[in-house]
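Quantities reported herein were computed from a predicted structural model and do not represent experimental measurements. Naming: A, B, ... by sequence-line order, numbering from 1 per chain.
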Amino acid sequence: MTVKPSQNRRISTRLLQLKTAPTTPTTSSPWNTRLRELANQSLFTEALSVYREMLSFGASPNAFTFPFALKSCAALSLPFVGSQLHCHVIRSGCDPEPFVLTSLISMYCKCALIDSARKVFDENTQSMKLSVCYNALLSGYVLNLRYCDAFLLFGKMRELGVEINAVTMLGLIPACAGPGYFWLGTFMHCCCVKSGLVVDLSVANCLVTMYMKCGSVDYGRRLFNEIPEKGLITWNAMISGYAQNGLATHVLALYREMKTCGVLPDAVTFVGILSSVAHLGARSVGCEVEQQIAANGFGRNPFLSNALINMYARCGNLKKARAIFDCMPVKSVVSWTAIIGGYGMHGQGEVAVQLFDEMIRSGVRPDSTAFVSVLSACSHAGLSDKGSNYFAALEKKYGLQPGPEHYSCMVDLLGRAGQLNEAWELIKSMRVKPDGAVWGALLGACKIHKNVELAEIAFEKVIDLEPTNIGYYVLLSNLYSEAKNLEGVSRVRVMMRERNLKKDPGCSYVELNGRVHLFLAGDRSHHQTVEIYKMLDELENLFEELGGSNRIDREKRSEEKHSTGMAMHSEKLAIAFGLLNTSPGTEIVVIKNLRICGDCHLFMKMVSKIVDRQFVIRDATRFHHFKNGFCSCKDYW
DNA sequence: ATAGGGTTAG
């Protein structure tokens with residue numbers, strides 16, 4: 001705004017200044033200071049109102065104003081305000097200023113207007129020499145997933161001899177951070193070593209992250225070990241990298257190491273740790289993290305709240321998960337997804353569905369993952385109509401592409417409801433290649449509804465995709481034995497032997513008086529075995545008297561006793577044991593692998609109708625360390 | 001001015 005304010009306006013401005021804030025200046029520098037402070041504190045909305053206020057008071061923005069105003073626009077993703085600012089920049093004549101130029105490019109990139117950014121870059125001859133402008137545009141290309149353009153620009157920089165510095169690398173390396181980009185990543189690593197830029201801690205951190213995102217955990221760790229003076233971000237990069245790769249035990253070990261090195265964790269560290277705590281059930285660490293969060297005042301961090309919701313939901317404490325969720329001032333899709341998934345995991349599909357609808361009403365747009373959590377909740381709770389509607393809305397209403405993960409939920413949903421042919425037709429209609437989970441869901445449904453022919457088709461496909469997943473062999477073998485097809489049973493056995501696959505029996509745990517008791521499927525070694533099986537018999541009789549729908553189960557169980565391929569479900573043993581050893585009105589904590597067995601919820605629902613106990617389920621999908629039947633109750637949930 | 005770490009399902 002170089003237009004000189006009229007005399008009248010100047011007078012009125014003066015008056016206003018006297019009335020409201022006696023210190024309100026018409027020179028730009030105090031405004032700039034205020035604007036910079038706000039922008040640096042990430043108070044972008046406030047920063048932009050200061051900019052507007054500044055204009056209304058007749059102060060002229062200059063090269064020290066625009067970078068911060070543009071940064072705020074970029075952060076809030078306001079392309080319209082951004083291009084207005086661009087006009088102001090041109091009018092003020094400070095567009096060739098490097099500060100302003102890079103801010104403009106960066107703003108357009110962050111608002112996804114990459115072509116406008118390129119235009120700014122190309123129109124200024126000045127920018128062709130400046131490394132900073134190249135860096136801004138290059139990181140913008142990567143941000144907008146245009147990796148080819150980014151590498152072309154990188155090539156041009158090398159060709160023209162433009163300075164390549166640490167920031168150039170920081171922009172480019174994330175383009176190699178994905179499965180399949182590993183070799184490109186190692187090339188970038190080599191470039192950094194040759195140019196000596198690896199000594200820059202930021203660059204090294206970035207490379208560690210890149211390797212972890214490629215799934216090359218060993219390379220990441222090796223580089224991590226080579227960094228002489230690790231910073232907090234270095235530790236965080238490694239910890240979250242392990243967490244992303246599902247290496248929960250490594251996460252906890254590294255956290256311990258970090259503490260012995262005297263590095264203080266921050267909110268980001270805790271996010272990585274919490275997801276591992278949730279998967280492992282490492283209670284002592286969970287409690288410690290909880291205290292640390294309270295002590296450090298990280299309570300308001302939305303990422304941390306999401307991680308806490310997930311942890312409590314997985315560990316069976318839905319009440320606490322819900323309390324955190326309800327307290328969040330701004331709930332993102334991730335927060336909703338976490339709580340919906342939590343209810344879904346515990347068989348409370350109705351609540352999950354209500355929450356999903358509430359999310360949409362509150363104006364949060366569901367993403368692909370949110371649909372996965374609501375669809376899986378529907379399939380666990382048998383809400384087939386609801387699920388089908390959501391599946392249709394996914395594409396029609398929200399323009400999302402259904403992936404194999406959505407199809408596997410739908411196949412599970414239809415399959416459980418007995419619509420096996422519909423499920424098969426759905427698979428055939430898929431535009432993306434079905435993965436193991438899709439065929440596995442069909443196989444699981446065939447097992448429930450005893451359809452041997454279709455099961456054989458599904459089995460062939462799933463084994464082709466996941467040849468070492470024992471669960472599928474067991475499913476088919478059990479189906480064969482139910483159908484009294486002994487030849488089939490032995491055929492599957494031979495396949496397993498040939499592929500050197502050892503069958504791990506399914507297992508469940510019950511927590512009782514601070515001790516965790518492990519039950520294997522078909523286990524008869526427990527000292528209360530006789531009582532447990534008696535209790536299960538009694539329960540069956542009660543079910544029959546009440547509804548009589550469990551006859552099939554009874555038949556199945558009589559076979560279980562004799563056939564070698566079948567075994568009494570571990571969670572039934574665990575539940576019976578819990579009933580035997582608790583008094584009415586208490587809570588029984590059942591820890592089991594939620595991924596494999598969905599019938600568990602049904603059984604628990606029926607049991608809780610006739611006995612005065614509350615069941616809490618904890619997900620043990622990743623309880624690897626329990627495999628040998630050992631666990632220490634002090635350290636684990 | 002440009003940059004590095006974070007949540008979600010199966």
If the cut-off is 4.0 Å, is A:Q244 near the phosphate of B:dG5, judged by side-chain N/O to OP1 or OP2?
no
Is there a donor-acceptor pair closer than 3.5 Å between any side-chain N or O of A:H406 and the backbone N or O of A:G403?
yes
Kindly say if A:S106 contacts the phosphate of B:dT2, meaning a side-chain N or O under 4.0 Å from OP1 or OP2.
yes
Between A:Y141 and A:F151, does the ring centre distance come in under 6.0 Å?
no
Considering only heavy side-chain atoms of A:T369, the closest of B:dT8, B:dG5, B:dG4 is B:dT8
Residue pair A:E290, A:K320: steps toward the salt bridge (Lys or Arg N to Asp or Glu O under 4.0 Å) verdict
CA-CA 12 Å; A:E290 232 182 323; A:K320 211 155 180 181; 3.1 Å; yes
Gap between atoms CE and C1', on A:M359 and B:dT8 respectively (whole Å):
11 Å
Would you please confirm or rule out a distance under 4.0 Å between OP1 or OP2 of B:dG10 and any side-chain N or O of A:S376?
yes
Interatomic distance where CG belongs to A:L274 and P belongs to B:dT8 [whole Å]
10 Å
Taking the six-membered ring of A:F224 as reference, does the cationic atom of A:K230 (NZ for Lys, CZ for Arg) lie under 6.0 Å from its centre and within 45° of its axis?
yes
Rounded to the nearest angstrom, tell me the gap between atom OH in A:Y255 and atom C1' in B:dG6.
16 Å
Side-chain N or O of A:S139 versus OP1/OP2 of B:dA3: is the shortest distance under 4.0 Å?
yes
Is A:F64 touching bases, backbone alone, or none of the nucleic acid, heavy atoms closer than 4.0 Å?
nothing
Output the single nucleotide from B:dG5, B:dT8, B:dG4 whose closest atom is nearest the side chain of A:N205.
B:dG4
Counting side-chain heavy atoms from C-beta on, which of B:dG5, B:dT7, B:dT2 comes nearest to A:A136?
B:dT2
Nucleotide nearest A:D367 (side chain, heavy atoms from C-beta), chosen from B:dT8, B:dG4, B:dT2
B:dT8
With sequence neighbours left out, the residues meeting side chain to side chain donor-acceptor pair (under 3.5 Å) with A:T102 are none
Of the residues in residues 164-174 of chain A, which ones touch DNA chain B at a heavy-atom distance under 4.0 Å?
A:V167, A:L170, A:P174
Which nucleotide sits closest to the side chain of A:S240: B:dG4, B:dG10, B:dG6?
B:dG6
Mind calculating the distance between CD1 (A:I273) and P (B:dG6) to the nearest angstrom?
13 Å
Residue-phosphate contact under 4.0 Å: A:K230 side-chain N/O, B:dG5 OP1/OP2:
no
Rounded to whole angstrom units, what separation is found between the NZ atom of A:K71 and the P atom of B:dA3?
10 Å
Hey, could you give me each pair passing salt bridge (charged side-chain N to carboxylate O under 4.0 Å, His left out) that has a residue in residues 130-146 of chain A? Not counting sequence neighbours.
A:D115-A:R146, A:R146-A:D149
Starting at CD1 of A:I309 and ending at C1' of B:dT7, how long is that distance when rounded to a whole Å?
9 Å
Nearest to the A:T209 side chain among B:dG4, B:dT7, B:dA9, which nucleotide is it?
B:dG4
Reckon A:K331 touches a base, only the sugar-phosphate, or nothing at all at heavy-atom distances under 4.0 Å?
nothing
When rounded to the nearest 0.5 Å, the distance separating CG of A:L70 from NZ of A:K110 is 11.0 Å
Could you check whether the side chain of A:N236 and the base of B:dG4 have a donor-acceptor pair of N or O atoms closer than 3.5 Å, going by distance alone?
no
Quick check for you: among B:dT8, B:dA3, B:dG6, whose closest atom lies nearest to any side-chain atom of A:K110?
B:dA3
Nearest heavy-atom pair of A:C133 and A:L101: which atoms, and what distance?
SG-CD2, 3.8 Å
Heavy atoms from C-beta onward define the side chain here; which of B:dT7, B:dG4, B:dG6 lies closest to that of A:N306?
B:dT7
Proximity to the side chain of A:S202 - top-ranked nucleotide from B:dG6, B:dG5, B:dA3
B:dA3
Using modelled atom types and a 3.5 Å cut-off, is there a donor and acceptor pairing between side-chain atoms of A:D200 and backbone atoms of A:S202?
yes
In whole Å, what is the span from the CG atom of A:N310 to the P atom of B:dG6?
16 Å
Mind calculating the distance between CG (A:L304) and P (B:dT8) to the nearest angstrom?
12 Å
